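Input: a single structure, listed below in structure tokens.
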Amino acid sequence: MKNSARILSGAQIAEAVKREVAEEIKILDYRLGLTVVRVGEDAASAVYVGNKVKTSAELGIRSEHIHLPAKTSQAELLRVVDELNARADVDGILVQLPLPKQIDENFVLERLNPEKDVDGFHPVNVGRLSQGQTALAPCTPAGVIEILKRSGIEIAGKHAVIIGRSNIVGKPMAMLLLQENATVTICHSRTVNLTEITSQADILVAAIGRPGFVRGEHIKTGATVVDVGINNVSDADFARELFDETELEKRLATIEKRGSTLVGDVNPKEAKMKAANFTPVPGGVGLLTVAMLMKNTVQAAKMRRKTD
Ligand code: GUN
């Protein structure tokens with residue numbers, strides 16, 4: 001069967017967002033400050049934080065990376081957050097997740113000044129978002145909206161189905177799509193007749209954390225499929241099920257060389273045959289996340305400094 005989906009590349013869209021943010025920064029009469037706090041040695045977090053720091057520098061944001069040891073106590077982390085809350089030169093604070101076991105994530109996130117919460121994870125921002133008020137919105141789902149809009153994909157009146165109900169992606173994604181006037185359904189691990197529901201979706205967002213979970217049967221012909229998953233696949237046979245001849249060789253070489261290859265929650269070979277539009281992994285939504293963080297940092301600074 002012939003592949004038909006248009007691939008929605010995140011690269012150009014992320015560059016456009018960053019260009020616009022850089023223009024906004026240029027005309028500010030103060031220097032923006034973003035502080036990223038990382039606790040412990042999670043390998044993926046180290047890569048994500050590195051990207052955030054690098055992109056900040058590219059856009060002219062003064063960034064600071066506070067790296068605390070894995071055995072840091074909750075009280076110590078809260079002290080760091082309190083200091084950052086109090087500093088006038090810090091516009092955005094991001095506590096990289098996951099945190100070590102001894103620390104209660106929600107307790108720490110609630111300690112942030114909501115005006116500096118560039119991740120949009122504080123209950124005040126979550127509540128504001130759900131009320132349709134101006135809020136700092138979580139970066140990954142905000143990036144999905146950016147990709148859809150800038151690719152000319154209509155959201156209003158469409159049935160959007162999200163697989164996954166996390167606080168970081170699934171739930172805020174639902175709120176943002178609702179705000180764009182989509183009809184929204186959230187599915188999760190306890191959903192009965194998943195395929196029946198997802199195959200009605202005009203826009204299908206996969207955020208479950210299971211490589212290649214979404215198959216052709218889940219997808220309505222002509223749908224837009226957004227893949228938010230980031231998984232590592234090391235099994236060559238599984239890779240053969242996921243990738244068509246345009247990609248397979250490269251993927252197998254990556255597994256050979258690095259031990260694994262990056263795969264989303266959607267089976268790309270099957271999605272390409274059913275969907276009209278499809279975001280790839282890597283190179284799709286992930287690229288927007290950091291760009292949206294930069295946008296949130298500008299928004300946070302403008303809102304807070306106006307009221308200072
Ligand atoms: N860990 C995985 N995704 C994220 C994110 O968007 N923000 C933070 N702070 N940590 C994460």
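Note that the coordinates shown come from a computational prediction; the quantities given were computed from them, not determined experimentally. Start at 1 and go down the list; that is how both ligands and their atoms are numbered.
If you look at ligand 1, the protein residues with a non-hydrogen atom under 4.0 Å away are Leu94, Val95, Gln96, Leu97, Asp119, Phe121.
For Glu256, there are no side-chain contact (heavy atoms from CB on, under 4.5 Å) partners at least two apart in sequence or on another chain.
More than 12 heavy atoms of other shown residues, nucleotides or ligands fall within 6.0 angstrom of atom CZ in Arg150. Around atom CD of Gln102, more than 12 heavy atoms belonging to other residues, nucleotides or ligands sit under 6.0 Å away.
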- Evaluation steps, side chain to side chain contact (heavy atoms under 4.5 Å, CB included), between Val214 and Thr198: CA-CA 9 Å; Val214 173; Thr198 62; over 6 Å; no
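Put simply, the side chain of Thr134 reaches to within 4.5 Å of the side chain of Met303, judged on heavy atoms.
Of the candidates Leu32, Thr35, Leu34, Val90 forms a side chain to side chain contact (heavy atoms under 4.5 Å, CB included) with just one, namely Thr35.
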